[in-house]
Amino acid sequence: MKLVSLSSLSETDVHAIWALIDMPQRPTEAHVAWSFEGNGIRTRATFIRAFRELGMQFTELPNLLKTHERVIDLAGYLDPLFDLYVIRNADHERLEAFAKASSRPVINAMSASGHPCEVLTDAFYLNSRFSNLKHVRICLWGPTTNVFRSWHELATVLGINLIQVCEARFHEQHPSVEFLSKVPSHADVVITDSWPNGVDHSALALSSQHLTLMGSPALLPTPPFTIGREVLLDPVAYQGFVGYEQKKLLIPVQKAILRYATGA
């Protein structure tokens, strides 16, 4: 299995990954090539924990995809050494090209176009909390980001519908997403993400008044969040904040993704 974007999965794949979370794990000695661009504090920490708890041997290859070497050559030389790649790299097209060139599973730990592991974790939490994700009214708040792009992809895979609130200039055409320029009358959960570079001011930064108008839904801000930019309130002070404890699920979900990718 290659997980470069959520659109590469089927609904069966998603539920099979989630099912592994509660299944006893078997130790594996798989060798992982690990390349991580940027800080990504939570994703880095939880993946390293996941590798260790699964008994995987991991070797860090800094800036794996920053070289000018052809991806076919990188994969050709490295595939005999490793069973799996976990890569965080902004250049999604190069990451995708490497995944196609490699005969090994490749997991996207974040790119400029998607954050599949984060979204699979948040979706698992919501599916567990509300019993069935298809019955949850999920509101994405703000312009489309890599996190929201992964939500769009997951919505198509699972056959769910999303609403996304942002200024009209950021609206897109998507079969599973209803774009709005005003506050909806109801939402079960509101998800925010750091705004893209270049978006400095918006009339639709999330406020406590917006949340009240939606019926005081759960608030799941994708970290790191910036108070005064995408959110005007302090999420931690909001009674519906879904935060610190929920992100501990990154470890079991990432372990499940690694197990599914390697067949462990």
Side-chain angles (χ1 to χ4, degrees), residues 1-37 40 42-61 64-65 71-72 74-89 91-111 113-125 127 146-147 149-151 153-154 156-158 248-264:
M1 179 198 77
K2 297 182 192 292
L3 179 53
V4 177
S5 64
L6 286 176
S7 58
S8 64
L9 301 182
S10 66
E11 183 171 3
T12 299
D13 292 326
V14 172
H15 287 287
I17 289 169
W18 288 347
L20 284 171
I21 293 169
D22 295 321
M23 293 178 63
Q25 67 184 57
R26 293 173 294 174
T28 174
E29 295 184 356
H31 290 264
V32 183
W34 164 247
S35 184
F36 209 87
E37 179 181 273
R42 281 153 295 274
T43 306
R44 183 190 293 270
T46 51
F47 258 117
I48 290 174
R49 278 281 303 272
F51 295 151
R52 289 175 175 160
E53 290 180 15
L54 288 173
M56 290 181 165
Q57 306 298 312
F58 60 98
T59 301
E60 186 166 8
L61 302 176
L64 170 61
L65 298 181
V71 291
I72 191 172
L74 283 171
Y77 287 120
L78 292 175
D79 279 4
L81 307 179
F82 298 103
D83 303 302
L84 170 73
Y85 300 92
V86 178
I87 301 172
R88 182 182 177 110
N89 188 79
D91 188 339
H92 184 86
E93 289 71 24
R94 186 156 170 82
L95 173 59
E96 192 170 49
F98 177 78
K100 289 179 180 177
S102 174
S103 62
R104 305 302 191 197
V106 176
I107 295 173
N108 176 5
M110 197 190 82
S111 72
S113 295
H115 205 341
C117 299
E118 180 102 22
V119 170
L120 276 177
T121 299
D122 292 347
F124 170 73
Y125 166 77
N127 191 67
N146 58 349
V147 170
R149 188 73 65 205
S150 286
W151 270 107
E153 293 169 352
L154 186 66
T156 299
V157 170
L158 296 183
K248 288 170 61 177
L249 286 172
L250 283 165
I251 297 172
V253 173
Q254 288 167 352
K255 286 166 64 177
I257 291 168
L258 293 166
R259 292 173 64 190
Y260 192 70
T262 57

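Source: prediction; values computed, not measured.
Between the CE atom of Met23 and the CG atom of Leu20 there is a distance of 5.5 Å, given to the nearest 0.5 Å. Remark: Leu250 CG to Arg49 CZ distance equals 11.5 Å, nearest 0.5 Å. Atom-to-atom distance recorded for Ile17:CD1 and Leu120:CG is 5.5 Å, nearest 0.5 angstrom. To the nearest 0.5 Å, the span separating CG on Leu84 from CD1 on Ile107 amounts to 5.0 Å. The line from CG of Asp122 to SG of Cys117 is 11.5 Å long, rounded to the nearest 0.5 Å. The OG atom of Ser111 sits 6.0 Å away from the CG atom of Leu95 when rounded to the nearest 0.5 Å.
Of the possible polar contacts, one joining the Tyr85 side chain to the Asp79 backbone as a donor-acceptor pair under 3.5 Å is found. Looking only at distances, no side-chain donor or acceptor of Asn127 sits under 3.5 Å from a matching main-chain atom of Phe124. Between the side chain of Ser102 and the backbone N or O of Phe98 there is no donor-acceptor pair closer than 3.5 Å. The main-chain N or O of Ile87 is never found under 3.5 Å from a side-chain atom of Ser35 such that the two would form a donor-acceptor pair.
The minimum heavy-atom distance linking Arg44 with Trp34 is given by the pair CG-CZ2, 4.0 Å. Between Val4 and Ala99, the shortest heavy-atom contact is CG2-CB, 3.5 Å. Closest of all the heavy-atom pairs between Ala75 and Pro80 is O-CD, 4.4 Å. Minimum heavy-atom separation, Gln254 to Thr46: OE1-OG1, 2.9 Å. Minimum heavy-atom separation, Ser150 to Gly114: OG-CA, 3.4 Å. Pairing each heavy atom of Leu6 with each of Glu153, the nearest pair is N-OE1, 3.0 Å.
Within the 4.5 Å cutoff, the side chain of His115 has heavy atoms near those of the Arg88 side chain. At a threshold of 4.5 Å between non-hydrogen side-chain atoms, the residues Leu65 and Leu74 count as touching. Counting heavy atoms from C-beta outward, Leu3 and Asn108 have side chains that stay 4.5 Å or more apart. Residues Leu64 and Leu78 have side chains in contact (heavy-atom distance under 4.5 Å, counting atoms from C-beta outward). Taking 4.5 Å as the limit, every side-chain heavy atom of Ile48 sits out of range of all side-chain heavy atoms of Phe36. Residues Met1 and Leu9 are in side-chain contact: their nearest non-hydrogen atoms beyond the backbone lie under 4.5 Å apart. Contact check for Ile21 versus Leu249: no side-chain heavy atoms found under the 4.5 Å cut-off. Met56 is listed as a side-chain neighbour of Thr262, based on a closest heavy-atom distance under 4.5 Å.
Among pairs with a residue in residues 14-26, those fulfilling side-chain hydrogen bond (donor to acceptor under 3.5 Å, both in side chains) read Gln25-Lys255, at least two apart in sequence or across chains.
The number of heavy-atom neighbours closer than 6.0 Å to CG of Leu81, taken from other residues, nucleotides and ligands shown, is above 12. In the displayed structure, Arg42 atom CZ is contacted under 6.0 Å by more than 12 heavy atoms of other residues, nucleotides or ligands.
Checked by atom type, the side-chain pair Ser7/Ser5 shows a donor-acceptor distance below 3.5 Å.
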Criterion side chain to side chain contact (heavy atoms under 4.5 Å, CB included) on Arg104 and Phe82, from CA distance to verdict: CA-CA 8 Å; Arg104 305 302 191 197; Phe82 298 103; 5.6 Å; no
Test log, rule side chain to side chain contact (heavy atoms under 4.5 Å, CB included), inputs Val71 and Arg94: CA-CA 8 Å; Val71 291; Arg94 186 156 170 82; 3.5 Å; yes
Verdict with reasoning, Thr43 to Met110, per side chain to side chain contact (heavy atoms under 4.5 Å, CB included): CA-CA 9 Å; Thr43 306; Met110 197 190 82; 6.0 Å; no
Working for side chain to side chain contact (heavy atoms under 4.5 Å, CB included), residues Val253 and Tyr125: CA-CA 10 Å; Val253 173; Tyr125 166 77; over 6 Å; no
